[in-house]
Amino acid sequence: MGKKNFKGISTITLHTANHENDNFSHTTPIYATSTFTFGSAEEGMERFKGDDKTRLYTRWGNPTFTAAEQTIEALESRGLTDEHGAPLQVKALLHASGQAAMTTLFFSNLSAGDTLISHYSLYGGSQELMQKVLNETGVKVILIDIHDEALLLETLKANPSTKLIHLETPANPTLQCVDIKAICTIAHAHNVKVSVDNTVATPYLQQPFALGADFIFHSATKFLNGHGSALHGVLLGKDLEFMHTKVWKWHVLLGGNSNAFDAYLLIQGMKTLELRMEKHCSNAEKVANYLNAHPAIAHVNYTGLASHPHHAIAKKQMKQHAPLISFELKGGIDAGKKFINAVEVCTRAVSLGTVDTLVSHPASMTHMSIPKIEREKYGITDGLIRMSVGIENIEDLEADLAQALAKAQL
Ligand SMILES: *Cc1c(COP(=O)(O)O)cnc(C)c1O
């Protein structure tokens with residue numbers, strides 16, 4: 001096990017996890033155990049003293065988690081070097097969900113009196129965690145239009161207690177992108193750390209550590225797992241000392257650990273990350289162009305279209321465009337519901353990043369409880385459909401969209 005500096009994503013995801021186990025299992029064993037045994041008191045003492053705390057008690061770590069963590073470490077540090085030119089070492093901690101990983105990120109970096117700066121159009125759970133939980137602990141949360149550099153500088157100046165800037169790029173459902181490198185430069189000049197939610201891009205499209213990020217967050221529930229078979233979250237950091245001490249301590253004490261079966265599903269899912277992303281991305285480009293030319297559609301949000309306000313930022317920092325699209329039906333909320341009811345190939349479900357195409361209608365589903373005025377500020381209009389493009393045959397997908405759009409217009 002351990003870092004082997006493979007060049008390619010598939011080599012990493014196929015060969016980083018442990019093949020070296022007592023019973024010669026080809027796939028990573030599922031270590032379904034709460035605790036680990038010691039041969040003697042001395043051996044126990046040695047293991048408790050050592051750096052590797054993964055073979056003591058599963059809340060502290062587990063060999064199946066380690067295999068998943070090492071794979072993600074290798075993915076996010078792929079081809080990168082540290083300031084001495086040596087391969088970049090990073091640390092990943094696997095959690096029970098994205099929300100659990102984000103809780104560890106915020107709680108280990110922020111305490112009462114500190115300030116967190118983030119931006120509009122975040123994943124709903126992230127924004128609620130900031131405004132309904134973190135706020136209650138005495139941390140000041142400020143959401144701004146982070147594309148406005150003067151406003152960011154002003155906010156930093158007015159809040160010298162700022163410790164962390166949290167970015168999500170591309171962000172759901174309007175695919176807003178943030179210039180990671182530009183924000184990191186400003187943040188670091190103010191002694192502020194930057195975390196990046198890389199869920200939608202995945203390390204296939206974007207490597208935030210290469211752009212200056214201090215932490216990377218994933219809801220591995222999405223593209224990393226790829227099959228919608230479990231929830232997982234990952235928090236990665238470049239400061240190994242900080243990750244192994246404070247972050248690890250908070251993670252273990254908050255108790256948001258994963259479990260061996262879900263970790264196994266993640267390891268299996270990631271094996272095809274590169275193949276899946278290639279197909280997700282090429283299908284998304286075709287679907288976006290198809291939708292963009294359709295008379296029932298007022299507007300398509302996809303970073304690959306030159307009309308997207310952040311097309312240039314996306315192009316600069318991502319290898320290709322992320323396979324997430326949203327589009328506005330001319331017929332408003334009724335057309336939205338009719339479209340959702342009419343699809344036969346696309347799956348009606350929230351979430352994203354599964355092998356099949358998922359469609360949802362935020363105004364009547366995920367964002368139903370948010371007042372229209374509020375949600376429209378974030379671009380969530382009545383006729384907006386969100387689509388996570390899957391790996392189906394493109395002709396089947398386009399035929400499904402054609403018949404569902406025809407019904408939405410009736
Ligand atoms: C799903 C998601 C999360 C939350 O992750 P869970 O695994 O559902 O806890 C955070 N950020 C983004 C961008 C997501 O899509």
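As the structure is a prediction and not an experimental result, all values here were calculated from the model. Just follow the structure's listing: the first ligand is 1, and inside any ligand the first atom is 1.
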(request) Kindly compute the distance separating OG (Ser364) from CD1 (Ile340), expressed to the nearest 0.5 Å. (result)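 Output value for this atom pair is 7.0 Å.
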
(message) Taking the side chain as everything from C-beta on, heavy atoms only, tell me whether His188 gets closer than 4.5 Å to Asp214.
(response) yes

(message) Can you see whether His95 engages Thr104 through a side-chain donor-acceptor pair at a distance of less than 3.5 angstrom?
(response) yes

(request) Would you check if there is a donor-acceptor pair between the side chains of Tyr302 and Glu285 at a distance under 3.5 Å? (result)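 Not at all, the side chains of Glu285 and Tyr302 share no donor-acceptor pair under 3.5 Å.
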
(request) Give the C-alpha distance, both sets of side-chain angles, the deciding distance and a yes or no for ring pair (Phe, Tyr, Trp, His ring centres under 6.0 Å) between His166 and Phe106. (result) CA-CA 9 Å; His166 181 73; Phe106 291 158; 5.6 Å; yes

(request) Give the single entry among Phe223, Tyr123, Phe217 that approaches atom 3 (C) of ligand 1 most closely by any heavy atom. (result) Tyr123

(message) Looking at non-hydrogen atoms alone, which of Lys222, Gln99, His232 comes nearest to atom 1 (C) of ligand 1?
(response) Lys222

(request) Start with the C-alpha distance between Phe217 and Tyr123, add both sets of side-chain angles, then the distance that settles ring pair (Phe, Tyr, Trp, His ring centres under 6.0 Å), and finish with yes or no. (result) CA-CA 12 Å; Phe217 163 89; Tyr123 174 76; 8.6 Å; no

(message) Students should be able to answer this: which protein heavy-atom is nearest to atom 6 (P) of ligand 1, and at what distance?
(response) Gly98 N, 3.4 Å

(message) Using a plain distance cutoff, I'd like to know if Leu352 has any nitrogen or oxygen under 3.5 Å from a nitrogen or oxygen of ligand 1.
(response) no

(request) Would you check the N or O atoms of Glu168, main chain and side chain alike, for any that come under 3.5 Å of an N or O of ligand 1? (result)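 For ligand 1, there is no N or O atom that lies under 3.5 Å from one belonging to Glu168.
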
(request) For Thr221, take its heavy atoms, then give the atoms of ligand 1 lying under 4.0 Å from any of them. (result) 7 (O)

(message) Within the 4.0 Å heavy-atom shell around Asp197, which atoms of ligand 1 are there?
(response)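 Checking each atom against Asp197, I get 10 (C), 11 (N), 12 (C), 13 (C).
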
